[in-house]
Structures are given as structure tokens and as C-alpha cells.
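Read through the structure below, which is laid out as C-alpha cells, and then see the notes.
Atoms within each ligand, like the ligands themselves, are counted from 1 in listed order.
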Amino acid sequence: MAHRVFNFSAGPATLPLPVLETIQNEMLDYHGEGMSLIEMSHRSKTFDALVVETEALVRELMGFSDDYQTLFLQGGATAQFAAVPLNLSRDGKTAEYINSGSWATKAIKEAEKLGKPYRVIASSEDDNHTYIPTDFVVGKDAAYLHITSNNTIFGTQWQEYPDTGDIPLVADMSSDFYCRRFDPNKFGLIYAGAQKNAGPSGVTIVVIRKDLLERSPKDIPTILNYKIFAEKNSLYNTPNTFGVYVVNLVMKWIKDQGGIDAVEKVNRQKAQLLYEVLDSSDFYRPHARKDSRSIMNVTWRLPSEELEKKFVAEATENELVGLKGHRSVGGIRASIYNAMPLEGVQRLVEFMKDFEKRNG
Ligand SMILES: Cc1ncc(COP(=O)(O)O)c(C=O)c1O
């Protein structure tokens, strides 16, 4: 057995062990082809079949209707910050954004840089993004509304998505796609860098409602053009073949767990364990407001930076790694994506209680 620690890193993040084992087993000889998947032409029948299967799996697991298409793109979620305004802006219409954290801010800056008309209709900047803004009205004539579903850095998450009617709802779900059940058919476009909940870095999952493909202008860079990538079934140029392969395995792993509902149940259990400790302690101070808490990234502070450093160091000695918070929040962040086993969180919670006893 390989030596494995509990990895609470925000991303790239822990992957399901059975997925890693399959990759290992198939590395020298993928399905009897005498070569690994990553040595194979992206124009081969085998890879083409893998893309077709994964495209459907991504939609099927979440319950997207046939009105949607999955794309596998590159450049991370950061490329999507530019691709969304480039493809979905409309003459005479203003794009609307909700600023719930650093990644939302970056998405907004990209729209601004591209000179696209936009407006920020709500923000949680006034309280260092401890909450998800709920007080806003979506313009009847907006080009789209962009939200960040889960704020990886701050540990906040939309509890209920806004109803935008005919206005396309666009969401960055990089850190919470596939973590819980929701109605995906209310969205115009969802994007997610795979490296947290769905696979390795280097592949971005985009699911777009097909009618929106008609908005993509001809004069934008090809690499960011949704319509072209949709027409070519994500194979306009060489995709991240390894990334698509791992996403395929992760989707099958979620299915094997019993699907989204089963995975959500465990995710809620894990989050509850952590929040219970935070709520019953004066030593640990959670960053996110109760009504906005994330079940994927849990963030908290300790009484001093010195204790925070000690916490991270001792946790690492106990094989609980990747717990240092992002500098804009400080403190501790436990990323508990789908692949983090319940046992990992149980171990963390025990460690937290013990640490408090010794240092509180
Ligand atoms: C919510 C969210 N959006 C965007 C990004 C940026 O993603 P990438 O590094 O794939 O461009 C991240 C990365 O952590 C994220 O958590």
C-alpha cells in the first residue's frame, strides 16, 4: 500500500483512490491498445469515444437536458473569465456580475479589460466576503448574470441559486460542481476548472445551453470560441487528453458512489462535523456567516497567527496536510471536496479538539 495522507488542499486536490489506481493500472496499456491513453492521438477512435462518453456523463450525472453540451477546454477557469464576456455579450446589453469573492472580482476585471459593458449588482466586499449577497435585482435586459457558486478562498457558497428568468445565469462552479443536487437546467452556462472536484488541473468543464452558442462572434480568438469548440466536440485543437480521461474516471466514481445524492449526503456530514466543532468553541472562529457556509471549503481563524502556524505544523505531522488558509482570509482552510473521505474529516475534528485542549 502506498503511503497516503489526508490532503485538504484547495486545488489541485485529493482524488478518489480507486481513480488513481485505475490510472496506475492502465498507464502502460490502456484497454489492450498497447499504449497509455496519454500517448494516443486525440484523433483516434478510442479517444473520440472517450470524449463522447465523458461529454454525456458530465450531463447525465447532474441531470442536464439534451439542450446542453459539455465542452472540455483549457486555460483554467481564468480563461473562462474572458471567454464568457467574449461569447455571451450582446450589443446594447449590459452583463451583470455579483462580487462574492476574489475569483468573482477577477472575472469582473476581465470583462472590464475587454471593454464589455458590465455592472456589479451586489457585492460582499464590505465584510471581507463573509457572506453571499442576497439583496439585488437582476436587470430585465441583462446580457447574462455571472455568479461564483462557491468562494474557495472565503468558504462561502450559494445556498439557493437566483431565479433569473430569461436572463442566462452563468456560474463559476470550479470548487463545487458535483458536490450537491440542484436544477442545472436553470443555467445558461456553468464552468469549472476540474482540479478540485472533477479531475486534474489543465482541463476545464464548460456546460452550455446550446442556443447560447449562436451568440459567439466570429471575430474572437478561436481558442475561446464556444461555438467552434462545440461544433468540433471539444477537438478543435489538441485537448488535455489526460484531463478528459481522469474526468471520465471521476464521473464514473461518483456514479459508483450512488450518484450526486449519495455524494452530497457524505459532503453534508463532513461539513457538519467541522462546523459543529467551530460553533461549540470560542477558540476557533469561523470566517463565513452561518447562512452562507460552504460544504466544500471551511475557513476559520485561531486566536493568534502564531497558533495558526502551530496548528498547521502539528496537523501536518499528523498527516493532515494542506490546511493553511489563503492569505486574504488567513487562518485555516479545510477543503473537503467529494474525494475527501469521511475518515479524513473525523481525524481532523479529533485533532482540532485535542489542539484546543492543549492550547485554548
Ligand atoms: C472559484 C474559482 N474560480 C476560479 C479559479 C481559478 O481557476 P484556474 O486556476 O483553473 O484558472 C479558482 C481557483 O482556485 C476558483 O476556486
Next on the checklist: Evaluate R289 against D127 for salt bridge (Lys or Arg N to Asp or Glu O under 4.0 Å), listing each step before the verdict.
Outcome noted: CA-CA 10 Å; R289 289 190 196 169; D127 195 27; 3.0 Å; yes
Checklist entry - Tell me the salt bridge (Lys or Arg N to Asp or Glu O under 4.0 Å) pairs involving residues 56-84, sequence neighbours left out? => result E55-R59, R59-D66, E60-K255
Checklist entry - What distance do Y30 atom OH and I38 atom CD1 have between them, rounded to the nearest 0.5 Å? => result 12.5 Å
Next on the checklist: Before you tell me yes or no, could you show the steps for K252 and D256 under salt bridge (Lys or Arg N to Asp or Glu O under 4.0 Å), namely the whole-Å CA-CA distance, both residues' side-chain angles and the distance that decides it to 0.1 Å?
Outcome noted: CA-CA 6 Å; K252 287 178 179 163; D256 289 346; over 6 Å; no
Item to check | side-chain contact (heavy atoms from CB on, under 4.5 Å) partner of Y144, the single match among L212, V84, T164 | outcome: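 Among L212, V84, T164, the one that satisfies the side-chain contact (heavy atoms from CB on, under 4.5 Å) with Y144 is V84.
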Next on the checklist: Taking the basic N atoms (NZ, or NE/NH1/NH2) and the acidic carboxylate oxygens, is any pair closer than 4.0 Å for E264 and R181?
Outcome noted: no
Are any protein N/O atoms closer than 3.5 Å to the N/O atoms of ligand 1? If there are, list each pair with names and the distance to one decimal place.
| residue | atom | partner | partner atom | Å |
| --- | --- | --- | --- | --- |
| ligand 1 | 3 (N) | D172 | OD2 | 2.6 |
| ligand 1 | 10 (O) | A77 | N | 3.1 |
| ligand 1 | 10 (O) | Q195 | NE2 | 3.0 |
| ligand 1 | 11 (O) | A77 | N | 3.2 |
| ligand 1 | 11 (O) | T78 | N | 2.9 |
| ligand 1 | 11 (O) | T78 | OG1 | 2.5 |
| ligand 1 | 14 (O) | K196 | NZ | 2.7 |
| ligand 1 | 16 (O) | W103 | NE1 | 3.4 |
| ligand 1 | 16 (O) | T152 | OG1 | 2.4 |

